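Data first, discussion second: the structure below is written as structure tokens.
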2 protein chains.
Amino acid sequence: MNEEMLSKTVLFKGLSKEEIHDALLALQARELLYKKDASILLAGSKTDKMGLVLEGSVRIESNDVWGNRTILSHVGPGQFFAETYAFLHNEPLLVDVVANKDSRILFLQIHILKETNAATHTWVLKLLTNLLVVTAHKNLVLSGRSFHTSPKTIRGKVLAYLNSVALQSGSHRFDIPFDRQQLADYLNVDRTALSKELGKMKTEGLITFEKNHFEIQKSADF
Amino acid sequence: MNEEMLSKTVLFKGLSKEEIHDALLALQARELLYKKDASILLAGSKTDKMGLVLEGSVRIESNDVWGNRTILSHVGPGQFFAETYAFLHNEPLLVDVVANKDSRILFLQIHILKETNAATHTWVLKLLTNLLVVTAHKNLVLSGRSFHTSPKTIRGKVLAYLNSVALQSGSHRFDIPFDRQQLADYLNVDRTALSKELGKMKTEGLITFEKNHFEIQKSADF
DNA sequence: ATGATTATGTGGCAACGGCAACATACTTCT
DNA sequence: AGAAGTATGTTGCCGTTGCCACATAATCAT
């Protein structure tokens, strides 16, 4: 396991190599590989493990009985998922976690933190604090999606989403982590209607795009 | 301040009266009163205080430039808000916090937790762990709303929401914390269209309601 | 390369919902 | 009690979007 790389993640920030090594052992860290579109965690089940994406990416989604999919978020390398469920530890998952590409995932039994003696293990307090940062950020991501889906028109949703990605990337040229169907499922709209609207927005000069690369025209920053 | 009552909240669970007293001092606890509809925290500002609703209730909402309101959640007595922002502590708020009734709020400078010596203060570790439970639950609330808003028809949204409230209350008869306009803003739909759909659902025998009291007919549990 | 599979875009149609204007309760205040 | 304000429901119309069927483009496997 690469303690070097882990120390750059939010969760292990501020921990020494030795502390990380110790923590990985205590939390029973396990590495697993998943093929694209393989499901990692299933809605309705329970988990005591949180995941760290080492390579690839995963998406958090929900599939109802009628086949409607809602994508809640995309989790890239160095980011975490299921920490909420792993920590609470007997809440059934409301969502599925699916590999978006071939992925390498590190699992951590984070609930063990609650039972570990912080006095004798210097890393416990650090991990708890860092985990709080992780869940707090996750909160921001979830509220963020609310703002992307709340506009009533497709155009409104698309602009809300693209502006937010542009803001984060610090540029008006950027890639999005979704294909069309996924973007539609993230914004809770019909894919073909999304395609139509994207087309219109391109003709009107608001945006340009090709595949998953987008550019927002300056005039559109209103 | 009532340590008795506080010890029943998620955040102070497991702390002794003395620990709570100590913590309140260290976190510079302040109690404030708000009139119905007074704003407590403003989007765009930053806060280093999280709130605990002692009496009354607040709502978390977002108001865009065109006057569209989106309600993210309702926070009742004994529950917390703004813990995300208070802990991260220099993230600008994405939302407004507004008093839904006349309310008594306890504010805590929770970020002080990060700088307090856990070795000499027994309550620090407990509060950190409990705070993690709070943010984890907040995550579930936020994902929950996603499932209430993702159906494409108003009826679908209403049923998703009502079923979820029924499940939590453990009964098919329950009160909701929203008036019509607020419910519409929570579900991201037009109020009059919501009224129409509720009316239809009543005539069809799916639900009955009066003001904010609802009943789901057993046949509707599909 | 060729065919098969997947991704994206287009056209048409019906319906759901947003909006405006109004009607009818129900509160609150003096 | 009466008036003013607020909450909820109703009606009608038009636009947006969901959905279906299909076209075209891109990707993958052999």
Side-chain angles (χ1 to χ4, degrees), chain A residues 35-37 59 64 66-71 98-102 148-162 175-204 206-214, chain B residues 35-37 59 64 66-71 98-102 148-162 175-204 206-214:
Chain A
K35 287 275 168 202
K36 180 171 159 67
D37 291 326
R59 51 177 199 270
D64 73 17
W66 299 276
N68 303 307
R69 178 175 69 170
T70 296
I71 295 182
V98 183
N100 205 41
K101 308 175 179 178
D102 289 1
H148 305 152
T149 55
S150 62
K152 304 217 181 66
T153 63
I154 293 186
R155 175 171 301 204
K157 298 185 194 202
V158 168
L159 285 176
Y161 173 66
L162 292 183
D175 291 351
I176 67 171
F178 298 131
D179 62 32
R180 291 292 175 279
Q181 183 64 59
Q182 291 175 342
L183 180 56
D185 291 342
Y186 176 80
L187 297 178
N188 276 149
V189 299
D190 178 75
R191 182 192 60 78
T192 68
L194 172 62
S195 267
K196 266 182 266 192
E197 191 61 36
L198 284 174
K200 273 196 211 167
M201 294 170 74
K202 186 186 265 179
T203 356
E204 295 178 26
L206 283 174
I207 58 173
T208 61
F209 57 88
E210 197 193 320
K211 310 202 54 163
N212 64 342
H213 181 80
F214 285 75
Chain B
K35 287 274 168 204
K36 181 171 156 66
D37 291 326
R59 53 177 198 270
D64 72 17
W66 298 274
N68 302 307
R69 176 174 70 168
T70 295
I71 294 183
V98 183
N100 204 42
K101 309 174 179 178
D102 289 1
H148 305 152
T149 54
S150 62
K152 305 219 181 65
T153 63
I154 292 186
R155 175 170 301 204
K157 296 184 195 203
V158 169
L159 285 176
Y161 173 66
L162 291 183
D175 292 351
I176 66 172
F178 298 131
D179 63 32
R180 292 289 176 280
Q181 183 64 59
Q182 290 174 345
L183 181 56
D185 291 342
Y186 176 80
L187 298 177
N188 276 147
V189 299
D190 178 75
R191 182 192 61 79
T192 70
L194 173 62
S195 268
K196 260 183 276 188
E197 192 59 38
L198 283 175
K200 273 195 210 168
M201 293 170 73
K202 186 186 268 179
T203 4
E204 295 178 27
L206 283 174
I207 59 174
T208 62
F209 57 89
E210 196 194 321
K211 308 201 59 165
N212 65 341
H213 181 80
F214 284 75

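What you see is a predicted model; the values in this text were computed from it and never measured. Reminder, nothing fancy here: chain letters follow the sequence lines and each chain counts from 1.
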Mind calculating the distance between [atom1] ([X]) and [atom2] ([N]) to the nearest angstrom?
X	N	atom1	atom2	value
A:Arg180	D:dG18	CZ	C1'	19 Å
B:Lys36	C:dT28	NZ	P	9 Å
B:Leu183	C:dG17	CG	P	14 Å
A:Asp185	C:dT8	CG	P	12 Å
B:Leu198	D:dT10	CG	P	10 Å
B:Asp190	D:dT16	CG	P	15 Å
A:Met201	D:dT16	CE	P	14 Å
B:Ile154	C:dG18	CD1	C1'	9 Å

Which of the following nucleotides, [options], is nearest to the side chain of [X]?
X	options	value
B:Glu197	D:dC19, C:dT10, C:dG17	C:dG17
A:Lys152	D:dT17, C:dT10, C:dG18	C:dG18
B:Thr192	C:dA7, D:dC19, D:dG9	D:dG9
B:Val189	C:dG18, D:dG9, C:dG17	C:dG18

When A:Lys200 and B:Gly199 are each assigned the nearest nucleotide of DNA chain D, the 5'-most assignment goes to B:Gly199
Start at the 5' end of DNA chain D and walk down; is the nucleotide closest to A:Arg191 or to A:Thr153 reached first?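 Mapping each residue to its closest nucleotide by heavy atoms, the 5'-most match is A:Thr153.
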With a 4.5 Å heavy-atom cut-off, do [X] and [Y] have their side chains touching?
X	Y	answer
A:Glu197	A:Lys200	yes
B:Ile154	B:Lys157	no
A:Val158	A:Arg155	no

I want to confirm an ordering. Mapping B:Asn188 and B:Lys211 to their closest nucleotides on DNA chain C, which one lands closer to the 5' end? B:Asn188
Geometric class of the A:Phe214/A:Phe209 ring pair [parallel <30°, tilted 30-60°, perpendicular >60°]: parallel
N/O donor-acceptor pair, side chain B:Lys196 with base C:dG18, under 3.5 angstrom: yes
Could you walk me through whether A:Asp185 and A:Gln182 satisfy the side-chain contact (heavy atoms from CB on, under 4.5 Å) test, starting with their C-alpha distance in whole Å, then the side-chain angles of each, then the deciding distance to 0.1 Å, before giving a yes or no? CA-CA 5 Å; A:Asp185 291 342; A:Gln182 291 175 342; 5.6 Å; no
